[in-house]
K.L.:
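Got a structure for you, questions after.
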Amino acid sequence: MIGRTLAVDYGLKRTGLAVCDALGIAAHPLEAIVSTSLDETVAGIVALVIEREVKRVVVGMPYLPDGREGEQVKNVFVFLDGLRAKLPEGVELSHQDERHTTKEARVLLRETGLKGKKAKAKLDSVAATVILRQYLAEHGN
């Protein structure tokens with residue numbers, strides 16, 4: 001399964017993004033989409049899918065620590081429905097458990113020395129990178 005994968009850490013205000021190369025070897029964060037509009041967020045992701053020739057989109061699913069679905073999971077399902085309706089034909093859409101990815105992203109950012117507003121601006125996309133790495137490790141490319 002060769003092709004780029006885009007990971008999405010969806011949020012109601014900021015949506016983190018990460019993409020891998022066509023061989024699925026290297027994952028790196030992209031600039032987050034900052035928007036409170038579902039349509040605007042979906043349009044931004046669709047534009048990236050087209051621009052970067054993405055073959056699959058993986059959306060982080062924010063299950064509660066015990067695995068149950070909380071309020072944020074419902075928001076992600078609404079987002080998934082909106083995204084599914086707009087993605088180009090042939091682009092796969094799936095989701096990945098994202099429990100603890102934000103915590104791991106905070107550790108990674110601390111290790112780089114970023115703090116404050118700069119770290120906060122990058123947190124969601126670093127979390128998307130963690131989601132993407134987990135997905136690639138579990139599913140390969």
Side-chain angles (χ1 to χ4, degrees), residues 1-88 90-141:
M1 232 163 55
I2 302 292
R4 285 185 177 82
T5 300
L6 177 72
V8 178
D9 182 23
Y10 177 71
L12 296 175
K13 295 179 184 174
R14 183 188 327 268
T15 299
L17 303 167
V19 69
C20 69
D21 61 274
L23 297 176
I25 296 169
H28 63 275
L30 300 173
E31 188 171 331
I33 295 173
V34 180
S35 173
T36 57
S37 163
L38 176 66
D39 291 338
E40 191 176 309
T41 301
V42 167
I45 291 169
V46 169
L48 272 171
V49 165
I50 294 166
E51 173 189 324
R52 296 190 178 246
E53 300 177 349
V54 168
K55 301 298 182 199
R56 73 197 65 74
V57 177
V58 178
V59 177
M61 192 59 68
Y63 296 112
L64 296 173
D66 64 4
R68 291 181 299 124
E69 293 181 5
E71 193 62 36
Q72 186 60 12
V73 169
K74 293 174 188 172
N75 294 329
V76 172
F77 278 123
V78 170
F79 167 72
L80 282 169
D81 288 343
L83 184 59
R84 187 176 289 111
K86 300 289 184 179
L87 279 176
V91 175
E92 297 174 31
L93 179 61
S94 62
H95 54 82
Q96 174 77 18
D97 186 348
E98 69 165 45
R99 284 180 283 178
H100 311 295
T101 57
T102 300
K103 186 183 293 185
E104 188 174 336
R106 281 192 179 104
V107 170
L108 291 170
L109 282 169
R110 231 183 345 264
E111 289 173 358
T112 67
L114 277 181
K115 295 179 183 177
K117 289 182 181 180
K118 287 184 180 181
K120 186 175 181 175
K122 297 195 178 296
L123 179 63
D124 298 301
S125 289
V126 174
T129 305
V130 174
I131 292 166
L132 181 53
R133 288 177 180 166
Q134 289 175 351
Y135 177 84
L136 294 171
E138 291 175 19
H139 302 281
N141 195 20

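We use all heavy atoms of the structure for the numbers below, so side chains are in, but hydrogens, waters and symmetry mates are not. Here, residue 1 is the first one in the sequence, and each next residue gets the next number.
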K.L.:
Under the side-chain contact (heavy atoms from CB on, under 4.5 Å) criterion, do Met61 and Asp97 qualify, and how do the steps go?
P.N.:
CA-CA 5 Å; Met61 192 59 68; Asp97 186 348; 5.7 Å; no
K.L.:
How far does CD1 of Ile45 sit from CD of Glu40, to the nearest 0.5 angstrom?
P.N.:
11.0 Å
K.L.:
Step by step, would you call His28 with Leu30 a side-chain contact (heavy atoms from CB on, under 4.5 Å)?
P.N.:
CA-CA 7 Å; His28 63 275; Leu30 300 173; 4.2 Å; yes
K.L.:
Rounded to the nearest 0.5 Å, how far does CD1 of Ile131 lie from CD of Glu98?
P.N.:
4.5 Å
K.L.:
How far apart are the closest heavy atoms of Ala32 and Arg14, and which atoms are they?
P.N.:
CB-CG, 3.7 Å
K.L.:
What verdict does the side-chain contact (heavy atoms from CB on, under 4.5 Å) test give for Leu38 and Tyr10, after you've listed the backbone C-alpha separation in whole Å, the side-chain angles of each residue and the deciding distance to 0.1 Å?
P.N.:
CA-CA 10 Å; Leu38 176 66; Tyr10 177 71; 3.8 Å; yes
K.L.:
Is there a donor-acceptor contact under 3.5 Å from the side chain of Ser94 to the main chain of Val58?
P.N.:
no
K.L.:
If you compare all heavy atoms of Ile50 against all heavy atoms of Pro88, which two are closest, and at what distance to 0.1 Å?
P.N.:
CG1-CG, 3.9 Å
K.L.:
Who passes salt bridge (charged side-chain N to carboxylate O under 4.0 Å, His left out) against Asp66, sequence neighbours left out?
P.N.:
Arg68
K.L.:
According to salt bridge (Lys or Arg N to Asp or Glu O under 4.0 Å), does anything in residues 74-83 pair up with another residue at least two apart or in another chain? List the pairs.
P.N.:
Glu71-Lys74, Asp81-Arg84
K.L.:
If I compare all heavy atoms of Cys20 with all of Leu136, which pair ends up nearest, and what's the gap?
P.N.:
CB-CD1, 4.0 Å
K.L.:
List the atom of Val73, the atom of Pro62, and the distance in Å for their closest heavy-atom pair.
P.N.:
CG2-O, 3.4 Å
K.L.:
On a heavy-atom basis, which atom in Arg4 and which in Glu53 lie closest, and how many Å separate them?
P.N.:
CB-O, 4.2 Å
K.L.:
For the CD atom on Glu51, are there more than 12 heavy atoms of other groups (residues, nucleotides or ligands in this structure) within a distance under 6.0 Å?
P.N.:
yes
K.L.:
Kindly compute the distance separating NZ (Lys55) from OG1 (Thr5), expressed to the nearest 0.5 Å.
P.N.:
11.0 Å
K.L.:
Measure the spacing between CG of Asp124 and CD1 of Ile33 and express it to the nearest 0.5 Å.
P.N.:
11.5 Å
K.L.:
Give the ring-plane orientation class for Phe77 versus His95, where under 30° counts as parallel, over 60° as perpendicular and anything between as tilted.
P.N.:
perpendicular
K.L.:
Rounded to the nearest 0.5 Å, what's the gap from CG on Asn75 to CG on Leu80? Could you check?
P.N.:
11.0 Å
K.L.:
Can you give me the closest heavy-atom contact between Asp9 and Ala127, atom names plus distance?
P.N.:
OD2-CB, 3.4 Å
K.L.:
Tell me, with the steps shown, if Phe79 and Val8 meet side-chain contact (heavy atoms from CB on, under 4.5 Å).
P.N.:
CA-CA 11 Å; Phe79 167 72; Val8 178; 4.0 Å; yes
K.L.:
Starting at OG of Ser37, measure out to CG of Leu12 and round the result to the nearest 0.5 Å.
P.N.:
11.5 Å
K.L.:
Between Leu87 and Val42, is any pair of side-chain heavy atoms under 4.5 Å apart?
P.N.:
no
